[in-house]
**Q** 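Got a structure here, written out as structure tokens. Questions coming.
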Amino acid sequence: MSQQPVLLPYADPAFVADPFPLFRRLREDGPVRRAVIAGGLDAWLVTRYADGLAALSDPRLSSDARDASDPRLVAQLPAFERESLMSNMLRSDPPDHTRLRRLVSKAFTARRVAGLRPRIQEITDRLLDAVVPAGRAELVADFALPLPVTVISELLGVPVDDRYDFQRWTDAMLVRGERMPDPVVVDAAWRHMRAYLTEHLESKRARPGDDLLSALISAHDQEERLSHDELVAMTFLLLVAGYVTTVNLIGGGIAALLAHPDQLALLRDRPRLLPDAVEEFLRYDGPVSPGIARFAREDVEIGGVTIPRGATVLVASAIADRDPARFHDPDRLDITRRDNGHLAFGHGIHYCLGAPLARLEGQIAIGTVLRRLPDLALAVPPAELEWRPGGLRGPARLPVTFTPAGGIADRPAPCASPGVESPA
């Protein structure tokens with residue numbers, strides 16, 4: 001197998017809109033391929049399902065970017081904050097990861113998340129009330145984005161009015177396309193973000209409420225299990241991770257249905273397929289692409305290929321989740337698919353803690369859109385849809401048309417839905 005890295009062409013709109021033909025060729029070419037990924041970074045792509053599943057539980061592969069040999073992975077952060085931002089459970093390994101995850105795991109159990117259903121439905125209907133009379137909407141800005149932002153803001157006790165600020169700062173810090181973020185812009189965004197989080201945490205400390213942040217602060221103050229930097233980093237992670245990928249799940253799921261009218265009709269006719277449909281959206285075109293980063297602590301052999309110490313390893317879930325060795329007819333969207341152990345939420349100790357919440361929001365959001373927006377259709381040709389380049393995958397804009405309705409008075413009664421599933 002050639003070790004010359006292949007370029008993932010994020011400057012090419014055709015690739016950004018549909019990366020799967022290239023992904024398929026990479027998987028067929030071999031189980032591990034070197035590639036230049038988002039931000040211009042060199043990584044080793046693990047392209048096949050069985051290898052990816054094993055890699056996500058391999059202790060020789062670290063989640064801490066400080067184990068990487070490419071300094072740009074942490075150099076994108078302001079120097080005085082690199083250590084503190086890495087002090088979260090997404091970018092840590094045991095024993096720190098075990099301690100940090102335990103502090104928040106009770107907030108994301110299936111039972112507690114299921115209790116959020118009425119409030120998520122209320123937010124969903126309120127957002128749709130604003131667009132149903134018009135007969136057209138931009139479903140990312142009008143719906144898919146504000147829904148999860150509002151939910152995570154309320155869960156964390158963050159004023160919803162502040163969401164525009166932290167969205168703006170987050171966007172400035174995320175990798176987009178071929179280039180890393182501008183360090184000056186990142187530095188300014190992180191300074192604002194850290195100042196905001198510090199002020200908000202101090203406010204919560206003085207006036208605790210019945211929210212997750214108040215519980216974390218109590219653990220920090222009384223049991224000394226969270227340092228100040230860990231508390232800031234944990235808040236940042238929960239706030240950002242609580243909405244970024246869910247926006248893409250909702251927008252991407254609706255876009256997938258609009259591209260497959262037979263599946264759209266089937267889901268309208270059989271709404272109890274919603275849990276299976278959401279799992280299929282995650283497998284077919286998930287919100288993280290190409291996949292999940294790890295860093296080799298030592299030389300590691302995967303699929304007969306030796307990956308050197310310090311290398312960035314990308315478990316390419318977007319490629320592995322269409323592996324024909326694992327999934328029947330993997331390039332076909334099939335909302336009746338049952339054996340759907342996809343890797344979109346990861347695997348092992350880093351399995352996404354917010355998976356039950358993302359599933360529930362996806363089911364409620366997509367199901368309600370199908371009930372309340374008759375004759376839903378794209379307002380532009382499919383080829384003109386804009387997709388987010390690199391790292392996080394989903395439509396940047398999703399303009400749609402539908403039969404106008406009178407608003408709140410025409411709101412259908414919510415139909416019964418299955419409870420949210422526990423993580424696999």
**Q** Start with the C-alpha gap between H200 and L213, add the side-chain angles, then the distance that decides, and say whether side-chain contact (heavy atoms from CB on, under 4.5 Å) holds.
**A** CA-CA 10 Å; H200 181 65; L213 289 194; 3.6 Å; yes
**Q** For this output row, return yes or no: ring centroids of Y284 and H260 closer than 6.0 angstrom.
**A**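 Here the rings of H260 and Y284 have centres that are less than 6.0 Å from each other.
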**Q** Do the rings of F327 and Y49 sit parallel, tilted or perpendicular, given the 30° and 60° boundaries?
**A**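 Perpendicular: the ring planes of F327 and Y49 meet at over 60°.
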**Q** Considering only NZ, NE, NH1 and NH2 on the basic side and carboxylate oxygens on the acidic side, decide whether R294 and D93 come within less than 4.0 Å.
**A**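 Between D93 and R294 there is no salt bridge, as every charged N stays at least 4.0 Å from the carboxylate O atoms.
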**Q** Between R194 and T198, does the side-chain hydrogen bond (donor to acceptor under 3.5 Å, both in side chains) criterion hold? Intermediate values first, please.
**A** CA-CA 6 Å; R194 182 178 176 86; T198 299; 4.6 Å; no
**Q** Test of understanding: with salt bridge (charged side-chain N to carboxylate O under 4.0 Å, His left out), list the residues that count as partners of R338, not counting sequence neighbours.
**A**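 Expected list: D276.
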**Q** After noting the C-alpha distance and the side-chain angles of S63 and L90, does the key distance pass the side-chain contact (heavy atoms from CB on, under 4.5 Å) rule?
**A** CA-CA 7 Å; S63 294; L90 183 66; over 6 Å; no
**Q** Determine whether more than 12 heavy atoms belonging to other residues, nucleotides or ligands lie under 6.0 Å from atom CG of D329.
**A** yes
**Q** Crowded around R168 CZ? As in, over 12 foreign heavy atoms under 6.0 Å?
**A** yes
**Q** Name the one of T312, L61, V313 that satisfies side-chain contact (heavy atoms from CB on, under 4.5 Å) with I307?
**A** V313
**Q** Just do the side-chain hydrogen bond (donor to acceptor under 3.5 Å, both in side chains) check on Y196 and D165 with the steps written out, would you?
**A** CA-CA 9 Å; Y196 171 81; D165 286 331; over 6 Å; no
**Q** In the structure I gave you, are the side-chain heavy atoms of L56 and Y351 within less than 4.5 Å of one another anywhere?
**A** no
**Q** For K204 versus L156, what's the shortest heavy-atom pair and its separation?
**A** CE-O, 4.3 Å
**Q** Are E202 and R205 within salt-bridge range, i.e. N to O under 4.0 Å?
**A** yes
**Q** Do R322 and F23 meet the cation-pi criteria used here (NZ or CZ under 6.0 Å from the six-membered ring centre, within 45° of the axis)?
**A**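 No.
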**Q** If you measure from the Lys or Arg side-chain nitrogens to the Asp or Glu carboxylate oxygens, is any gap between R24 and D331 under 4.0 Å?
**A** yes
**Q** Any Lys/Arg nitrogen of D51 or R48 sitting under 4.0 Å from an Asp/Glu carboxylate oxygen of the other?
**A**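 Answer for the salt bridge query: no.
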**Q** Do the two ring centres, one from F236 and one from W190, sit under 6.0 Å apart?
**A**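 Under 6.0 Å, so yes.
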**Q** Under 6.0 Å from the six-membered ring centre of F402 and within 45° of its axis: does the NZ or CZ of R136 meet both?
**A**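 Because its charged atom misses either the 6.0 Å distance or the 45° angle limit, R136 does not stack over F402.
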**Q** Show, in sequence, the C-alpha distance, side-chain angles and deciding distance for D64 and S62, and conclude whether the side-chain hydrogen bond (donor to acceptor under 3.5 Å, both in side chains) test is met.
**A** CA-CA 5 Å; D64 192 335; S62 171; 5.5 Å; no
**Q** Looking at I292 and L343, what are the two nearest heavy atoms and their distance?
**A**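 Taking every non-hydrogen atom into account, CD1-O, 3.8 Å.
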**Q** Mind checking the CG-CG spacing from L267 to L370? Nearest 0.5 Å is all I need.
**A**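 Atom-to-atom, L267:CG and L370:CG are 5.0 Å apart.
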**Q** Quick one: are I254 and L139 in side-chain contact, heavy atoms under 4.5 Å?
**A**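 Of all side-chain heavy-atom pairs linking L139 with I254, at least one is under 4.5 Å.
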**Q** Closest heavy-atom contact between R102 and S105?
**A**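 Scanning both residues, the minimum pair turns out to be O-OG, 3.2 Å.
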**Q** Considering only NZ, NE, NH1 and NH2 on the basic side and carboxylate oxygens on the acidic side, decide whether D96 and R99 come within less than 4.0 Å.
**A** yes
**Q** Which atom names give the shortest non-hydrogen contact between G253 and I366, and what distance separates them?
**A**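 Nearest heavy atoms, G253 then I366: CA-CD1, 4.2 Å.
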**Q** Check whether any side-chain heavy atom of F295 sits under 4.5 Å from a side-chain heavy atom of R91, and report yes or no.
**A** yes
**Q** Strictly by modelled atom types, are R388 and N248 linked by a side-chain donor-acceptor pair under 3.5 Å?
**A** yes
**Q** For L378 and L385, what are the C-alpha separation, side-chain angles and deciding distance, and is it a side-chain contact (heavy atoms from CB on, under 4.5 Å)?
**A** CA-CA 9 Å; L378 284 176; L385 273 186; 4.1 Å; yes
**Q** Heavy atoms only: give me the nearest Q121-R371 pair and the separation to one decimal.
**A**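 Of all heavy-atom pairs spanning Q121 and R371, the closest is NE2-NH2, 3.8 Å.
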**Q** How far apart are the closest heavy atoms of A365 and I250, and which atoms are they?
**A**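 The answer is CB-CD1, 3.8 Å.
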**Q** Do the side chains of L100 and S92 get nearer than 4.5 Å, heavy atoms only?
**A**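 Of all side-chain heavy-atom pairs linking L100 with S92, at least one is under 4.5 Å.
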**Q** Tell me whether E199 at atom CD has more than 12 heavy atoms from other residues, nucleotides or ligands lying less than 6.0 Å away.
**A**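 Incorrect, the count does not exceed 12.
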**Q** Measure from NZ or CZ of R33 to the centre of the six-membered ring of W44, then state whether that distance is under 6.0 Å and the direction lies within 45° of the axis.
**A**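 No cation-pi geometry.
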**Q** Could you tell me whether F15 and Y10 have their ring centroids closer than 6.0 angstrom?
**A** yes
**Q** Could you give the distance from OG (S153) to CG (D162), rounded to the nearest 0.5 Å?
**A**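 The CG atom of D162 is 8.0 Å from OG of S153, to the nearest 0.5 Å.
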**Q** Starting from the C-alpha separation in whole Å, work towards a yes-or-no answer on salt bridge (Lys or Arg N to Asp or Glu O under 4.0 Å) for R326 and D321.
**A** CA-CA 8 Å; R326 172 61 180 82; D321 280 342; over 6 Å; no
**Q** To the nearest 0.5 Å, tell me how far L128 CG sits from D142 CG.
**A**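 So the CG of L128 and the CG of D142 are separated by 9.5 Å.
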**Q** To the nearest 0.5 Å, what is the distance between CG on L45 and CD1 on I302?
**A**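 If we round to the nearest 0.5 Å, L45:CG and I302:CD1 are 11.0 Å apart.
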**Q** Distance check, rounded to the nearest 0.5 Å: I364 atom CD1 versus I123 atom CD1?
**A** 9.5 Å
**Q** Nearest 0.5 Å please: distance from the NE2 atom of H192 over to the CG atom of L197.
**A** 13.0 Å
**Q** Could you go through D29 and R25, starting from their C-alpha distance and side-chain angles, then the distance that decides it, and tell me whether this counts as salt bridge (Lys or Arg N to Asp or Glu O under 4.0 Å)?
**A** CA-CA 6 Å; D29 188 53; R25 291 196 297 272; over 6 Å; no
